[in-house]
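Only one structure is covered here, and it is reproduced in the block below.
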Amino acid sequence: MAQRETWTSRIGFIFAAVGSAVGLGNIWSFPFQTAANGGAAFLVVYLLAVFLIGFPTMMVEFVIGRRGEQNPVAAFGKLGYGNWSFAGGLGVLSTLVTLSFYSVVGGWVLSYIVGSATGAYFGDAGAYFGSVASGPTAIAAHGIFMLVTIGIVASGVTDGIERATKFMIPAILVLLVALGAWATTLDGASAGYSYYLSPDFSVIANNFGSIVPPAMGQAFFTLSLGFSVMIAYSSYLGRDDSLPADGGAIVVVNTMVALLAGFVVFPLLFATGGAEGAGGGAGTAFIAIAGAFGQLPAGGAIGFVFFAVLLFAALSSSISLLEVPVSYVTENYGYSRSTTAVAMGLGIALIGVPATFGTSWLGFYNDVVFKLLLPISVFLLAVFVGWVADTEAVDELGRGSTIGESFTTAWLWWVRVVVPLAVVVTLYLGIDALYTGLTNGAYF
Ligand code: TRP
């Protein structure tokens, strides 16, 4: 068997993992979920979900990945619990579904880069969205986005993923800071900041059931948890790295990018109308943003930069979603990386085609991932690490780090009890919402 690749350095791993985490979730979904769910109140719940549930769950995936040193399915066997491989298998399947519609939205971003350059969305932002979000343009853009993703993954872990993310992550950070600075000059800046940052706690209390599931789903999604991506990435990691330190860095940078995106998006929304127009789902976000760029001086140029940032973020995430099934197939069946990347990528692109039929189809893919697959996967991983492979997990978490036994013990109990409980509540509310959507014809 060929020698398994590893990251060239610890920083290479952190860049790749941050690249996976930082994506459409941070720059597109986060500001708009926040806008739709009451602003700062949502932000508070989201931050709690990221640090209290997301970070410990990231450690769950890291201990499986580094201990297993295999693709996410085989890792369970290597740990000595082969009958749990189905949990890894569910993760691999989920990456296929997720990437299939993620790439459709990636295609929208491509269209908006073009629209910024040509000015096509300046006149009527809603009509432009309608023309690129579904139909032939959407299919073509989806295909192009997938081809770029395939190209990077086919080049391998170090030459493809590591090199691409080392370029994209700094670019995203620098450009977002610049956009945030520009946004301070907008008329809507102070109204935007206050909606974004001063929480009204009664909003949380009164809307608990409708705020918690999206905040939890968003926390898992933005950190790339649940679908074994972090298992796969940490399997290429050296034995003497500190998992909590690396994970902490990844969570902090990912959160910074989301917060920064809010500092761009909220002033922009309030400069031209307010948060209301942006709350209605996948498409309204693009319409609201593009509409704002269309009305502002130099909006086309600035919109171009904004959508370029979004494209980098989307690509550095989509490659992680393709890497998981590709590493599984190459390691299990011995096909070459490039053949596998092409075949799987094209297959996934086909699965995504229905999401180009219209935004309600895309919303269905999105909801299945957020409300069903993510919480189920996280639940399985937490139960596995907390109750089945607990001895190995605690040992692995302590390896290479200076954290003491009290930290690892506290983490274990947290993973045993708190994480599964939080996820079960989320799952219950999510299934309820999905069921309601299906029965009242919200999707098809
Ligand atoms: N985290 C990415 C984002 O915020 C999306 C993503 C990439 C993802 N890999 C994942 C989500 C694995 C869940 C699981 O856009």
Side-chain angles (χ1 to χ4, degrees), residues 24-25 28-39 41-42 45-46 49 90 93-94 96-105 107-108 125-127 129-135 138-139 142 203-222 226-227 269 273-289 291 351-379 422-444:
L24 294 169
W28 171 59
S29 173
F30 164 73
F32 293 100
Q33 299 249 28
T34 307
N37 289 295
F42 178 85
V45 180
Y46 165 76
L90 180 68
L93 279 178
S94 304
L96 307 182
V97 180
T98 308
L99 180 55
S100 76
F101 84 90
Y102 202 85
S103 165
V104 173
V105 181
W108 295 358
F129 181 75
S131 71
V132 301
S134 55
I139 295 186
H142 164 54
V203 173
I204 306 181
N206 297 331
N207 300 283
F208 191 78
S210 65
I211 289 186
V212 169
M216 291 279 279
Q218 177 64 24
F220 293 135
F221 189 83
T222 190
F227 301 158
L269 293 179
E276 287 72 31
T284 46
F286 276 86
I287 298 171
I289 282 283
I351 302 175
V353 167
T356 65
F357 293 171
T359 48
S360 54
W361 280 84
L362 187 117
F364 179 68
Y365 277 68
N366 183 74
D367 286 357
V368 166
V369 166
F370 268 77
K371 296 185 167 135
L372 211 56
L373 295 176
L374 268 182
I376 291 177
S377 309
V378 172
F379 180 80
V423 172
V424 165
V425 173
T426 310
L427 185 61
Y428 171 77
L429 296 167
I431 290 179
D432 191 49
L434 204 57
Y435 179 76
T436 313
L438 280 170
T439 46
N440 70 13
Y443 302 114
F444 346 89

Review point. What distance separates Tyr46 OH from Thr222 OG1, expressed to the nearest 0.5 Å?
Key: 4.0 Å

**Study point:** Interatomic distance, Leu24 atom CG to Ser29 atom OG [nearest 0.5 angstrom]
**Key:** 8.5 Å

Revision key, fill the gap. d(Ile211 CD1, Leu429 CG) to nearest 0.5 Å is 12.5 Å

Exercise for review: Identify the two heavy atoms, one from Ala49 and one from Ala219, that lie closest to each other, and give their separation to 0.1 Å.
Suggested key: CB-CB, 3.8 Å

Review point. Nearest heavy-atom pair of Ile431 and Leu372: which atoms, and what distance?
Key: CG1-CD1, 3.7 Å

Practice item. Determine the interplanar angle of the Phe286 and Trp108 rings, folded into 0 to 90°, and report it as parallel if under 30°, tilted if 30 to 60°, perpendicular if over 60°. Key: perpendicular

Exercise for review: Evaluate side-chain contact (heavy atoms from CB on, under 4.5 Å) for Phe220 paired with Val423, printing each intermediate quantity in order.
Suggested key: CA-CA 10 Å; Phe220 293 135; Val423 172; 3.8 Å; yes

**Study point:** Side chain proximity check, Leu373 to Val368, heavy atoms < 4.5 angstrom
**Key:** yes

Revision key, fill the gap. The complete set of salt bridge (Lys or Arg N to Asp or Glu O under 4.0 Å) pairs with one or both residues in residues 356-368, sequence neighbours excluded, reads Asp367-Lys371

Exercise for review: Let me see the working for Val369 and Phe227 under side-chain contact (heavy atoms from CB on, under 4.5 Å), right down to the final yes or no.
Suggested key: CA-CA 10 Å; Val369 166; Phe227 301 158; 3.9 Å; yes

Point to revise | Ala288 to Leu269 - nearest heavy-atom pair and separation | key: CB-CD2, 3.6 Å

**Study point:** Verdict with reasoning, Leu427 to Ile376, per side-chain contact (heavy atoms from CB on, under 4.5 Å)
**Key:** CA-CA 7 Å; Leu427 185 61; Ile376 291 177; 3.9 Å; yes

Practice item. Give the ring-plane orientation class for Tyr443 versus Phe364, where under 30° counts as parallel, over 60° as perpendicular and anything between as tilted. Key: perpendicular

Check your understanding: So which heavy atom on Gly352 is nearest to which on Val104, and how close?
Key -> O-CG2, 3.7 Å

**Study point:** Interatomic spacing from OG1 in Thr436 to CG in Asp432 - rounded to 0.5 Å
**Key:** 4.5 Å

Review point. Taking atom OH of Tyr435 as the centre, does the number of heavy atoms from other residues, nucleotides or ligands within less than 6.0 Å exceed 12?
Key: no

Review point. How far does CD1 of Ile287 sit from CD1 of Ile289, to the nearest 0.5 angstrom?
Key: 12.0 Å

Review point. With no hydrogens and no angle check, is any side-chain donor or acceptor of Asn37 less than 3.5 Å from a backbone partner on Gln33?
Key: yes

Review point. So which heavy atom on Gln218 is nearest to which on Gly25, and how close?
Key: NE2-O, 2.9 Å

Review point. Can you check side-chain contact (heavy atoms from CB on, under 4.5 Å) on Ser100 and Tyr365, steps first, answer last?
Key: CA-CA 9 Å; Ser100 76; Tyr365 277 68; 3.4 Å; yes

Study note, to complete from the structure: The reported gap from OG1 in Thr98 to CG in Leu374 (rounded to nearest 0.5 angstrom) is 6.5 Å

Practice item. Name the orientation class of the two ring planes belonging to Trp361 and Phe357 (parallel below 30°, tilted from 30 to 60°, perpendicular beyond 60°). Key: perpendicular

**Study point:** Non-hydrogen atoms of Val378 and Gly226 that approach each other most closely
**Key:** CG2-CA, 3.8 Å

Exercise for review: Please check if the side chain of Ser103 supplies one atom and the backbone of His142 the other of a donor-acceptor pair under 3.5 Å.
Suggested key: yes

